[in-house]
Amino acid sequence: MTPTRSRPTPAPIELRPDATQINVAFDNNRLAVALFGEFDQNLAMIEQRFGVEAVARGNQVHIRGLPHDCAKARLALDMLYTRLEQGHDIEPGDVDGAIRMAEAADAQLNLPTLEPKSRLSMAQIATRRKVVMARSLAQDAYIRAMDSAELVFGIGPAGTGKTYLAVAYAAAMLENGQVARLILSRPAVEAGERLGFLPGDMKEKVDPYLRPLYDALYDMIPAEKVERGLASGAIEVAPLAFMRGRTLANAAIILDEAQNTTPMQMKMFLTRLGEGSKMFVTGDPTQVDLPEKQSSGLAEALDLLRDVPEIRQVRFSDADVVRHPLVARIVRAYDARDRKARGGDG
């Protein structure tokens, strides 16, 4: 079924005196077909987001609209075509990511040492199973921060990809021989539940809390290699309490759901960083499940370490949510409620 192409324009493009048309040709006909998508569905997404008309003719596409919008549409198509040339498939999420990056082409990254986005070189992570490309400005900044720093905080709401990208980056480091171990950790007690009341041995008790990390890991590394890594100790998925007293050298280390650490737990974890290691800490400060009146170790660490130049903090917002579009709306609704509540308290 051909997608409906609704365009957020006040008048038909052909009637606007400031409209222009650009023609873009792609060398490889087969890749051009994949670029446009089945029933031109990828072009339809680009049309809707930029308010242009995009008509495919063989290996060419004619883009008509405001000059600035046409230029953005072309940038998005160029990025997607480059992905195809590199041998990777295009999914709807990749199209959405290219559109986001094209929309941000004139902006600077929120980390001052990084490239301006006018270059439109999307950061990417290559693992054995897939290549993960940045789908938002914050994701791009996050991947580049992991490239350049030994300790990176990824902070923001659910659905922004902060944990997924950290696992992908750590998996790539392990596969490329940059580290000898991959260590994934989470606080084991959340939302008031206690491990002692759960059935089974310790592994069976903590695995449900660590399942999101396993899911991301299996998405990046073939299952048989994950199993071998878990058996040999090259891959470790463990609750935060298991980190105490250790020095984690030559490892890629991830702490997820870090908002549920206490200040002492966070200090303990951060001081595990050893030689040849990188550490990635992810969390959402608005989703703290600690007992009432217990302060979050993540919030304290972000404040204490804000001015340490070797440590990067990348913040995501609802605009960076890359799950179902409803997730972004849900996040915005809850944020609006929280802002209203804080205003009422004041």
Side-chain angles (χ1 to χ4, degrees), residues 49 72 75-76 78-80 82-83 93-127 130-173 178 216 220 252-259 270 273 278-286 298-299 301-323 327-328 331-332 335:
R49 292 284 286 274
K72 298 296 186 186
L75 285 173
D78 285 342
M79 282 189 286
L80 293 169
T82 298
R83 179 174 175 82
D94 299 314
V95 180
D96 179 71
I99 290 169
R100 289 172 183 247
M101 299 300 287
E103 288 173 334
D106 298 329
Q108 294 285 335
L109 286 174
N110 57 355
L111 299 178
T113 60
L114 302 182
E115 298 177 5
K117 286 315 302 158
S118 56
R119 298 189 185 184
L120 279 183
S121 54
M122 286 190 295
Q124 64 182 39
I125 304 167
T127 69
K130 66 192 304 183
V131 174
V132 182
M133 302 189 74
R135 293 183 176 180
S136 73
L137 197 63
Q139 284 195 0
D140 189 89
Y142 189 43
I143 295 173
R144 295 175 191 272
M146 290 189 284
D147 281 339
S148 60
E150 294 179 347
L151 174 56
V152 180
F153 289 87
I155 310 303
T160 52
K162 55 189 184 298
T163 300
Y164 190 80
L165 290 175
V167 174
Y169 197 95
M173 291 184 70
Q178 295 173 264
M220 302 299 163
I253 312 153
I254 297 172
L255 175 61
D256 189 34
E257 297 288 343
Q259 75 273 8
L270 295 178
L273 184 65
K278 286 199 176 194
M279 183 176 284
F280 312 125
V281 179
T282 68
D284 180 0
T286 69
L298 176 62
L302 292 172
D303 182 56
L304 288 174
L305 304 175
R306 180 186 297 117
D307 298 323
V308 179
E310 296 85 3
I311 299 174
R312 298 289 174 80
Q313 297 184 14
V314 180
R315 295 183 180 271
F316 297 82
S317 71
D318 59 84
D320 301 301
V321 172
V322 293
R323 290 184 188 167
V327 175
V331 170
R332 284 195 291 269
D335 285 348

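Computed over heavy atoms, backbone and side chain alike; hydrogens, waters and symmetry mates excluded.
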Quick one: are [X] and [Y] in side-chain contact, heavy atoms under 4.5 Å?
X	Y	value
D284	I155	no
L165	Q139	yes
D147	Y169	yes
F153	L302	yes
V281	I253	no
D94	R83	yes
L80	V95	yes
I143	M133	no

If every non-hydrogen atom of [X] is compared with every non-hydrogen atom of [Y], which pair is closest and at what distance?
X	Y	answer
V314	A138	CG1-O, 3.7 Å
A126	A172	O-CB, 3.5 Å
L298	A258	CB-O, 3.5 Å
V132	A168	CG2-CB, 4.3 Å
A145	R312	CB-CB, 4.0 Å

inquiry  = side chain to side chain contact (heavy atoms under 4.5 Å, CB included), that's the test. Do M279 and L255 meet it? Break it down for me.
reply    = CA-CA 8 Å; M279 183 176 284; L255 175 61; over 6 Å; no
request  = Check side chain to side chain donor-acceptor pair (under 3.5 Å) between T282 and all other residues, then give those that pass, not counting sequence neighbours.
outcome  = T163, D256
inquiry  = side chain to side chain contact (heavy atoms under 4.5 Å, CB included), that's the test. Do R49 and R100 meet it? Break it down for me.
reply    = CA-CA 9 Å; R49 292 284 286 274; R100 289 172 183 247; 3.9 Å; yes
Rounded distance (nearest 0.5 Å) linking atom [atom1] of [X] with atom [atom2] of [Y]:
X	Y	atom1	atom2	value
L305	Q313	CG	CD	7.0 Å
I99	M79	CD1	CE	9.0 Å
K278	S148	NZ	OG	6.5 Å

Sub-6.0 Å ring centroid separation between Y142 and F316 = yes
ask   = Would you say K162's side chain and G156's backbone share a donor-acceptor pair under 3.5 angstrom?
value = yes
ask   = Any donor-acceptor pair under 3.5 Å linking the side chain of D140 with the backbone of A123?
value = yes
query = Checking side chain to side chain contact (heavy atoms under 4.5 Å, CB included) for the pair E150/E310: CA distance, chi angles, key distance, verdict?
reply = CA-CA 7 Å; E150 294 179 347; E310 296 85 3; over 6 Å; no
ask   = Between D320 and T160, does any side-chain donor sit less than 3.5 Å from a side-chain acceptor?
value = no
